[in-house]
Amino acid sequence: MKKNISITLTIIMLFIIVYFIGNGEYFVSSSQPIAQNGIVTIEEKDLQEKTILKLDGEWSFYPNILLSSSDSFSAYESEKIPIEVPATWNSFVEPNEEGLTVGTYHVQINVPVEGEYGLYIRSIRQSNRVFINGEDVGSMGNPSETLKDFKFENDDKYTVFAQSENLMLDIVIHVGNYNYPKAGITFPIEFGTKDAIQRDLSMKILAESFVCIGYIVFGAIYIV
């Protein structure tokens, strides 16, 4: 009996260790938030080849509306509010007649050198679309103000890339939600050069593969 309890406790501890290996970075608080008043300014010393920055801090937010990247944000200046990222948006949005909640996130990143940059995105619930410098660069699902066009995706991890223009990347993110309790940008959005993001993604895939193998092994041990 004691032997069985020991084995079970060991498996639980190993399970917890493997889980944190795959997800530990999301339980560690970010360094000092770098977004202020919807602007991120990155110095050259911060943009080393292997550096990944979390775009945490205060973004600009336009609740209850999806502003296309071609819209003039100045026309909606009165509706703009600051919002912390990452965090849920529940206190800022209201469901429309069909029960959908929507909003537009906006942040401007000033970079020290021209180049190709990327974002690693995880958990923008329930659907989202990303624009960089006016170009649609990627999406998960289809955020919309109508149920007819709204689509959500269970797979919520992906990367997007874009070339900077005049040492700047203007990032607009549409987000839509339908009855999900914790919506908005709920995990840090990671930023870096294209090479850094791709290298970091490879490491994340390797860690997730290790976690999956670990689950299978622990399951087999428990059965045996």
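Starting from 1, each residue takes its place in the sequence as its number.
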### Task
Verify the cluster assignment for Val137 and Ile171: are they in a single hydrophobic cluster under the rule of side-chain heavy atoms below 4.5 Å apart?
yes
### Task
Decide yes or no for Ile197 and Ile52: does some side-chain heavy atom of the first lie under 4.5 Å from some side-chain heavy atom of the second?
yes
### Any donor-acceptor N/O pair, Asn90 side chain to Pro181 backbone, under 3.5 Å
yes
### Message
Atom CD of residue position Glu116 - does it have more than 12 heavy atoms of other residues, nucleotides or ligands inside 6.0 Å?
### Response
yes
Under 3.5 Å, which donor-acceptor pairs link side chains of residues 73-86 to any protein atom two or more places apart or in another chain?
{"from": "Ser74", "atom 1": "OG", "to": "Ser72", "atom 2": "OG", "distance (Å)": "2.7"}
{"from": "Glu77", "atom 1": "OE2", "to": "Lys80", "atom 2": "NZ", "distance (Å)": "3.0"}

### Message
In the structure I gave you, are the side-chain heavy atoms of Leu169 and Phe191 within less than 4.5 Å of one another anywhere?
### Response
yes
#### Entry: Trp89 side chain reached by Asn177 side chain, heavy atoms, under 4.5 Å
yes
### Task
State yes or no: do Tyr105 and Val102 share one hydrophobic cluster built from I, L, V, M, F, W and Y residues joined by side-chain heavy-atom distances below 4.5 Å, directly or via other members?
no
### Task
Would you list the pairs meeting ring-ring contact (aromatic ring centres under 6.0 Å, His included) in which at least one residue belongs to residues 148-179, sequence neighbours left out?
Phe131-His174
### Query
Is there a path of hydrophobic side-chain contacts, each under 4.5 Å between heavy atoms of I, L, V, M, F, W or Y residues, that connects Val40 with Val130?
yes
### Task
Find out whether Ile173 and Ile189 are in side-chain contact, i.e. whether some heavy atom of one side chain is under 4.5 Å from a heavy atom of the other.
yes
### Message
Set out, in order, the CA-CA distance, both residues' side-chain angles and the distance that settles side-chain contact (heavy atoms from CB on, under 4.5 Å) for Asn133 and Met168, then state yes or no.
### Response
CA-CA 8 Å; Asn133 291 340; Met168 188 264 289; 3.9 Å; yes
### Query
Between Val172 and Thr104, is a side-chain contact (heavy atoms from CB on, under 4.5 Å) present by the stated rule, with each step listed?
CA-CA 7 Å; Val172 175; Thr104 302; 3.6 Å; yes
### Task
Give a yes or no on whether Val107 and Ile34 share a hydrophobic cluster (residues Ile, Leu, Val, Met, Phe, Trp, Tyr; joining criterion: side-chain heavy atoms under 4.5 Å apart).
yes
### Summary
Heavy atoms of Glu114 and Gln163 approach each other most closely as C-NE2, 4.2 Å
### Query
Can you tell me how far the OG1 atom of Thr146 sits from the CG atom of Asn96, to the nearest 0.5 Å?
8.5 Å
### Message
Holding to side chain to side chain donor-acceptor pair (under 3.5 Å), I want the full list of residues that pass it with Ser123, two or more places apart in sequence or in another chain.
### Response
Arg125, Asp156
### Query
Counting only heavy atoms not in Glu98, do more than 12 fall under 6.0 Å of its CD?
yes
## Note on the structure
Closest heavy-atom pair, Leu100 versus Leu147, reported as atoms and distance to 0.1 Å, is CD1-N, 3.4 Å
Check residues 57-64 and write down every donor-acceptor pair under 3.5 Å in which the side-chain atom is one partner and the other belongs to a residue at least two apart or another chain.
{"from": "Glu58", "atom 1": "OE1", "to": "Asn37", "atom 2": "N", "distance (Å)": "3.0"}
{"from": "Trp59", "atom 1": "NE1", "to": "Leu55", "atom 2": "O", "distance (Å)": "2.9"}
{"from": "Asn64", "atom 1": "OD1", "to": "Glu94", "atom 2": "N", "distance (Å)": "2.9"}

#### Entry: Inter-residue atom distance Thr193.OG1 - Leu53.CG, 0.5 Å rounding
10.0 Å
### Message
With a 4.5 Å cut-off on side-chain heavy atoms, are Tyr117 and Leu47 touching?
### Response
yes
#### Entry: Under 3.5 Å donor-acceptor, Thr101 side chain and Pro95 backbone
no
### Message
Holding to salt bridge (Lys or Arg N to Asp or Glu O under 4.0 Å), I want the full list of residues that pass it with Lys182, two or more places apart in sequence or in another chain.
### Response
none
### Note, Leu167 side chain near Asn110 side chain (heavy atom, < 4.5 Å)
no
### Query
Linking I/L/V/M/F/W/Y whenever any side-chain heavy atoms sit under 4.5 Å apart, do Tyr180 and Val175 land together?
no
### Query
With sequence neighbours left out, which residue pairs that include part of residues 136-147 fulfil the salt bridge (charged side-chain N to carboxylate O under 4.0 Å, His left out) condition?
Arg129-Asp136
#### Entry: Beyond-backbone contact of Gln126 with Asn179, side-chain heavy atoms, under 4.5 angstrom
no
## Note on the structure
So CD of Glu44 and CG of Asp46: to nearest 0.5 Å the spacing works out to 10.0 Å
### Task
Apply side-chain contact (heavy atoms from CB on, under 4.5 Å) to Thr186 and Thr88, showing your working.
CA-CA 6 Å; Thr186 56; Thr88 60; 4.1 Å; yes
### Task
State, yes or no, whether a side-chain contact exists between Glu153 and Asn142 at a heavy-atom distance under 4.5 Å.
no
